[in-house]
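Take a look at the structure below.
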Amino acid sequence: MTEPLRIILTAHNPAPFDLEVPWRVLLVDNVNDAKMATELLTQPRTDMQFAVTHVESLSEAITRLSMSEFDVVALDLQLPDSIGLDTFLKLHAAMPELPVVIVTEQDEQQMGMAAVANGAQDYVVKNTQTYGEVLVRSLQYAIHRKRAELASNDAVVRAERRFRGLVESAPDAVVIFDAAGRIVLVNSRTEKMFGCSREEIIGESADVLVPERFANYVKSFFNDTGKGTLDTVLEIYAIRKDGSEFPVEMNLRPLETDEGVLVSSAIRDTTERKTAEQRLSEFYAILAHELRTPLASIQGSLDLIEARRIGPEQEKELLAIAGIEARRMLRLINDLLDLKKIEAGETKLNLVPLKAKQIVDKAIDSLRGMAMESQVAVVANVTSDPRLFCDEDRIIQVLTNLLSNAIKYSPADGVVEIAVKPNQTDIKFAVTDAGPGISETDLDKLFQQYNQGTRTSGRFYASTGLGLSIAKKIVEQHGGKIGVETKDGAGSTLWFTLPRKPQVEGIT
Amino acid sequence: MKIQKILLVDDERHVRRIAEISLSMVAQWSVTVAGSGAEALEKAQEIPDLILLDVRMPGMDGITTLRKLRENPATAAIPVILLTASTSEKDLEDASSLAVLGTILKPYSAVTLPDEILALTANL
């Protein structure tokens with residue numbers, strides 16, 4: 001989109017093109033020549049009028065120009081205080097936007113031409129038959145030409161400012177390369193992403209942005225700019241000034257400009273996306289394993305029974321195992337659906353006043369079978385029995401998750417303790433096991449959904465990952481907190497708090 | 001060498017129990033079980049004729065357990081079969097460098113497990 005051209009002059013404010021208004025000419029020349037020129041310019045004319053102001057020296061000219069507006073300057077280069085091309089250069093430096101026509105003697109035409117080469121609009125030779133006519137036309141053109149030039153400069157400046165604004169506001173790092181792959185322009189996002197200032201990388205080759213192993217690959221895209229093949233997304237690693245690497249998507253496109261074809265690239269840091277993808281794929285791997293484990297037990301049990309090579313006692317045991325494992329699978333699938341529901345905000349809490357011991361007993365009861373079979377004792381340590389508001393089913397689910405997790409990771413003959421400790425404003429529930437503990441680095445990740453902590457050797461936390469994610473969401477929905485304390489190799493305590501007074505809406 | 005004493009290592013209680021029942025179909029085998037790498041190292045001191053070792057276990061995993069078995073001169077020579085759901089190159093590499101008898105992929109059939117073990121131990 002292009003805006004209509006508007007003439008905006010900051011230092012110089014010209015009169016509009018109006019034939020009724022005379023054009024203001026500053027004539028800088030000796031008295032004699034000025035007199036003649038003034039006569040010629042101020043003759044009555046039908047096409048335009050000139051108002052002439054005369055000064056004799058450069059210093060006077062500059063003073064006058066700073067005081068009042070002029071549309072054009074007619075300048076002799078040989079003045080009492082300045083001689084030659086220098087005269088023009090000084091005046092032009094002072095008022096770069098003001099059109100200047102050089103008036104010169106016959107033998108000084110070279111200097112007139114030099115002035116034009118340096119930015120004067122024209123030169124006119126004095127003391128000829130046609131001086132007046134030529135001067136009028138020259139001044140007229142000078143004004144028009146200068147205004148058109150300024151207008152187009154202004155449009156270019158504004159277009160460039162707009163372009164830079166676009167580049168700066170881009171969400172990606174934007175790097176513009178020349179056809180040879182040298183960096184010519186970057187935005188501030190680039191500086192941030194690569195940890196360097198633009199001065200440091202402008203002029204450098206594209207391969208400073210990538211690790212050495214990608215250097216040739218990236219360079220290869222700068223050999224055929226503008227041939228259509230350069231419209232591509234590279235999935236590579238980039239490198240910061242400090243040498244650290246990060247995954248990026250680098251989008252390369254040809255950019256047509258007056259200076260030839262450049263290459264624009266939008267670089268997006270994909271670290272977060274990659275991590276999320278990694279997390280999700282780990283989650284699926286765990287989920288598959290967790291579904292397959294009970295299924296393998298069910299199938300193994302049924303196969304052995306069907307093969308009829310074992311005794312009736314063992315058959316009975318295998319049927320029991322198949323039943324327990326089927327329920328385990330069902331629980332896992334329910335957990336999965338619960339998590340989705342809680343996430344989607346489809347669950348409302350049914351807050352009722354309850355005694356802590358009552359909830360704990362119910363949770364322990366529901367896991368009696370698992371504990372017995374695992375030869376793990378579950379001990380409740382409830383010294384006082386505070387009352388609290390909570391959704392009974394949900395909090396039992398939290399406790400069940402924490403307890404089954406603790407039982408699962410306890411050695412045979414181990415003890416799992418559940419303690420209830422009332423504080424001033426909340427009640428703390430803590431489940432302690434004597435399992436292998438959780439490694440320090442995995443503690444933070446423990447409650448993150450799809451990101452199960454690992455037990456010390458890299459084994460995933462398995463199905464408890466889901467259970468803990470659900471527990472966290474339920475506890476937070478109640479306005480409580482959840483956490484873990486662990487000694488590597490010496491068991492863990494998973495705890496949560498519930499406020500004594502309900503802190504959420506939805507009390508029924 | 002005739003296999004008599006087998007040590008079965010798996011952290012999943014039911015998976016372990018089903019395998020134990022499966023192995024009991026071979027009358028001359030006597031099976032002891034362990035639920036973790038640490039327990040396996042302890043019970044390996046009795047020098048079984050064969051160890052069936054699960055790879056994916058919490059705490060000390062199967063590969064670490066195997067490495068420790070090999071480091072100890074008393075248990076270094078015990079034949080080991082790995083039980084693993086993984087077919088990753090890394091795991092197989094680890095296994096081959098630690099001189100295992102073979103690998104049985106999980107989920108295995110509880111009915112044919114004894115035959116698979118017999119096949120892998122035929123040349124002992």
Would one find more than 12 heavy atoms of other residues, nucleotides or ligands at under 6.0 Å from atom [atom1] of [X]?
X       : atom1 : answer
R213(A) : CZ    : yes
F246(A) : CZ    : yes
Q299(A) : CD    : no
E212(A) : CD    : no
K43(B)  : NZ    : yes

From [atom1] ([X]) to [atom2] ([Y]), nearest 0.5 Å:
X       : Y       : atom1 : atom2 : result
D303(A) : L113(B) : CG    : CG    : 12.0 Å
Q314(A) : E20(B)  : CD    : CD    : 9.0 Å
R292(A) : K106(B) : CZ    : NZ    : 10.0 Å
L318(A) : S22(B)  : CG    : OG    : 10.0 Å

Answer with side chain, backbone, both or neither: which region of S36(B) has an atom nearer than 4.5 Å to a non-hydrogen atom of chain A?
neither
In short, S301(A) meets I18(B) closest at the heavy-atom pair OG-CD1, 3.3 Å
Would you indicate whether the side-chain heavy atoms of [Y] and [X] approach each other to under 4.5 Å?
X       : Y       : answer
E12(B)  : S297(A) : no
V111(B) : E306(A) : no
E373(A) : H14(B)  : yes
R13(B)  : S374(A) : yes

Under a 4.5 Å heavy-atom cut-off, does chain B meet the side chain of [X], its backbone, both or neither?
X       : result
L295(A) : neither
I310(A) : side chain
R309(A) : both

